[in-house]
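Right, one structure below, let's go through it.
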Protein chains: 4
Amino acid sequence: MDRHQAKPAPGRPRSQQAMEAVLTAVRQLLETSAYKQITMEGIAKAAGVGKPTLYRWWPNVASIVMDAMTKQARQDIGVPDTGSLESDLHLYIGDTCRSLTQGAGSIMRSLMAEAQFDDGFAQIFRESFICSRRETLIALLKRSAARGELPKDADLELLTDLCYGPIWYRLLNGHAPLDEPFVQAITAHIMRG
Amino acid sequence: MDRHQAKPAPGRPRSQQAMEAVLTAVRQLLETSAYKQITMEGIAKAAGVGKPTLYRWWPNVASIVMDAMTKQARQDIGVPDTGSLESDLHLYIGDTCRSLTQGAGSIMRSLMAEAQFDDGFAQIFRESFICSRRETLIALLKRSAARGELPKDADLELLTDLCYGPIWYRLLNGHAPLDEPFVQAITAHIMRG
Amino acid sequence: MDRHQAKPAPGRPRSQQAMEAVLTAVRQLLETSAYKQITMEGIAKAAGVGKPTLYRWWPNVASIVMDAMTKQARQDIGVPDTGSLESDLHLYIGDTCRSLTQGAGSIMRSLMAEAQFDDGFAQIFRESFICSRRETLIALLKRSAARGELPKDADLELLTDLCYGPIWYRLLNGHAPLDEPFVQAITAHIMRG
Amino acid sequence: MDRHQAKPAPGRPRSQQAMEAVLTAVRQLLETSAYKQITMEGIAKAAGVGKPTLYRWWPNVASIVMDAMTKQARQDIGVPDTGSLESDLHLYIGDTCRSLTQGAGSIMRSLMAEAQFDDGFAQIFRESFICSRRETLIALLKRSAARGELPKDADLELLTDLCYGPIWYRLLNGHAPLDEPFVQAITAHIMRG
DNA sequence: AACTAATCGAGACGGTACGTCTCGTCTTTTT
DNA sequence: AAAAAGACGAGACGTACCGTCTCGATTAGTT
């Protein structure tokens, strides 16, 4: 249900320009600094924006960074549809891992870490990132199940955990790379399930 | 050890006592506060210890907390040996999950998060926690491989990722419980691998 | 110089209603808060008026407060005329002190303080308050001088300072009351001059 | 009464150096800026001192400024003793007025104004400045009364108000100078009282 | 009756300073 | 020599107002 024909809010509307300046500034900061060194104060200064404006739109650094990430590239990882579960999975997991090894990974680690400390952010982070990716994968699996490649009673949620779990585990611990053999191994492991 | 007949030291050799006071204080703080609210300042005050003393022994809060955790309970999770890989795995994974759902989980999440921000701590955390658990599991798998329950060329490192990955993934995201069905599902999937 | 026969300006005229709402709101705020806690923001909200409207009419809080005060009571202190300088003075100084001890004093102190920080306001404050009262007193003295109660070369400006000075001094410092003995003492002191 | 033989407080003592840096910085700021433009933030930066250090010693700008003023020159105005009340008064009032027209006046005005807004500061200001000056003058008057130059029942407190009142009144309003004729006039009036 | 123009309310804007917090270091006294 | 206590410089935090701006709506007088 939308606010069909809703009155525009009274008062000066929020400045799209300011918002974009902030997101751009954050992206630049992320390229030159570690996530932990990014502060509200620094963002405000870099974006030429007042601190209250920042706080009016976002509650903390993590939310801004997340916005900058999601608005930047929503289409990084497409949903493959080759007709075969195995190749679909292989492509999807491969894209996911490649994306995470190319710079986004470090930020995602920081956001995941931040989510452990702030319940409010955790909720948004999980809804925006984790769940949306999970649902994409689940849709892929469902399609495959409809083709009969999976047993009808397969627990798709669980399969998703088995897929993303090891990826995040390696990403967060850095004890082993997210490379092609790893992608193949996960794919094979899920195919056996 | 006594100061048997020793000259009174020129210094003030109270260090062991101070260290224990710190660890005890941290344990108490962890029971009543969120990890994020624990500060060096707070620990020093709670332990009746000077801040420089803290910094002389540990570089940051995370290290103290980790010390307090490891010194407290090293024997939480035993290594089962029933002769069957499946039941060994089931017991081990079950113990792991139960331990993580009983309070330690929240602290482990925080430490894992902290490790994303501080490379120095990350190294210690992985060596002390992650790797030691991985090695335990690998030993269990090796024993089983020697019994012929696993193919000789099985990638034990990878199997360990497939086991711990989903557990951490659920722990960090909280989207699903670490319950008995989950334990059984992971066990089953690894048995098939 | 008037806008004699000027065209009425085009556009919506300024709202008399808004102005009165502001002054009323300020009076209410003054009753419940210290002067220092009154802000443009607060006045706007209390009066249900936009901030630009406020700034269109007044440059700062002090000016609004002064307006509210002057519009409220212009006739607090009458000019006595008993035929005797001493009794005129006694009545006038007495009225002044009574008015200042009954609530107006605290606001006058704040306005006088504000005038120390803002030259623009200082000018208005002195013209509206200080000088108008001084002129009243000088008129009273002149009348008396015409009757021969004062030497012809008496410095009336100086006498006014000798009268108002101690009153303000006690008001601002609060080290002693503006009571009847004080009124009599000042009167006597001036009579001797 | 001092803390005879008191234990020195434990911990690092307060840095005399920091305190002096602050007072020096404030004096420099006062020369180049209006009082109202001086902020805690600015003082901290100018003195190369942390803000908490400032707040540890003083509650607000006014207190720092007052400290800087009192520590700078305690001997500006001596207490004359010529043997004659009239010449003593004339010298004392003259010194007071000269001191107030030479730069200190503007700061004193600001401090007096500040005292109207902050009760805590008001108390300190009155004790440090107002009362100490009043007592000096009262002592002078008492000495004279002992010589029989004043009636025995003269209200010295009141005479002090009659002396300082007009001075402050002219200082705060700026409608007339604190010049030599003014000094003579006040002296003459008090002599008649 | 439609147009024009200045006002209104609301509230977001870029700023600045606030007073607090924690950091990691430094200095002193005490043991 | 090492302990506690705690002050230190630094700087981010989130908040409060400032005075300006940008809206849509309202309200006159002018076409």
Side-chain angles (χ1 to χ4, degrees), chain A residues 7-15 17-19 21 37-45 47-57 59-61, chain B residues 8-15 17-18 21 37-42 44-45 47-56 59-61, chain C residues 7-15 17-18 21 37-45 47-57 59-61, chain D residues 7-19 21 37-45 47-57 59-61:
Chain A
K7 269 189 193 176
R12 178 176 178 174
R14 293 190 160 182
S15 148
Q17 199 177 333
M19 174 164 173
Q37 290 167 10
I38 296 180
T39 64
M40 288 299 239
E41 201 112 14
I43 295 172
K45 179 152 284 181
V49 144
K51 274 204 289 175
T53 301
L54 245 46
Y55 284 104
R56 216 175 281 128
W57 296 50
N60 48 47
V61 174
Chain B
R12 195 168 148 191
R14 205 184 142 181
S15 51
Q17 198 176 332
Q37 291 167 9
I38 297 181
T39 64
M40 290 297 242
E41 204 110 16
K45 177 151 285 182
V49 145
K51 279 203 288 174
T53 305
L54 245 48
Y55 282 104
R56 210 172 291 126
N60 48 48
V61 174
Chain C
K7 276 185 188 177
R12 177 176 178 176
R14 291 190 167 178
S15 147
Q17 198 177 334
Q37 290 166 10
I38 296 181
T39 64
M40 288 300 240
E41 202 112 14
I43 295 172
K45 177 150 284 181
V49 144
K51 278 203 288 173
T53 303
L54 245 46
Y55 282 103
R56 215 174 282 126
W57 295 49
N60 47 49
V61 173
Chain D
K7 268 190 191 177
R12 178 177 177 174
R14 294 191 159 179
S15 149
Q16 203 61 28
Q17 197 177 335
M19 174 164 173
Q37 290 166 12
I38 296 181
T39 63
M40 288 299 239
E41 201 113 15
I43 296 172
K45 179 151 285 180
V49 144
K51 276 204 288 175
T53 301
L54 245 45
Y55 284 103
R56 213 174 285 126
W57 296 49
N60 47 47
V61 174

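These values consider heavy atoms only, across backbone and side chains, with no hydrogens, waters or symmetry-generated copies. A, B, ... follow the sequence lines: proteins, then strands. Residue 1 opens every chain.
- Backbone-only contact: Gly48(D) has heavy atoms under 4.0 Å from sugar-phosphate atoms and none from a base.
- Distances shown here put a side-chain N or O of Arg56(D) below 4.0 Å from the OP1 or OP2 atom of dC8(F).
- Along DNA chain F, the nucleotide nearest to Val61(C) and the one nearest to Gln16(D) differ in position, and the one closer to the 5' end is contacted by Gln16(D).
- Put simply, Thr39(C) has no side-chain N or O that comes within less than 4.0 Å of OP1 or OP2 on dA16(F).
- Rounded to a whole Å, the CD atom of Gln17(D) is 10 Å from the P atom of dT28(E).
- Residue Glu41(D) contributes atom CD, which lies 13 Å from atom P of dT20(E) at whole-angstrom precision.
- The residue Ala44(D) sits apart from the nucleic acid: no heavy atom pair falls under 4.0 Å.
- With a 4.5 Å cut-off on side-chain heavy atoms, Met19(D) and Ser15(D) do not count as touching.
- Remark: the Arg12(A) side chain and the dC21(F) base include a donor-acceptor N/O pair separated by less than 3.5 Å.
- Shown here are the side chain to side chain contact (heavy atoms under 4.5 Å, CB included) partners of Thr39(B), two or more places apart in sequence or in another chain: Glu41(B).
- When distances run from any side-chain atom of Trp57(A) to the nucleotides dG14(E), dA12(E), dG14(F), the shortest one goes to dA12(E).
- Between Pro52(A) and Asn60(D), the residue anchored nearer the 5' end of DNA chain E, judged by the nucleotide with its closest heavy atom, is Pro52(A).
- An OP1 or OP2 oxygen of dA4(F) is reached within less than 4.0 angstrom by a side-chain nitrogen or oxygen of Thr53(B).
- Listed here is the closest heavy atom pair of Ala44(D) and Lys51(D): CB-CG, 3.9 Å.
- Under the rule for a side chain to side chain contact (heavy atoms under 4.5 Å, CB included), Arg12(A) has no partner lying at least two apart in sequence or in another chain.
- Lys51(B) contributes a side-chain N or O that forms a donor-acceptor pair with the base of dG24(E) under 3.5 Å.
- For Tyr55(D) and Ile38(B), each mapped to the nucleotide of DNA chain E holding its nearest heavy atom, the one lying further toward the 5' end belongs to Tyr55(D).
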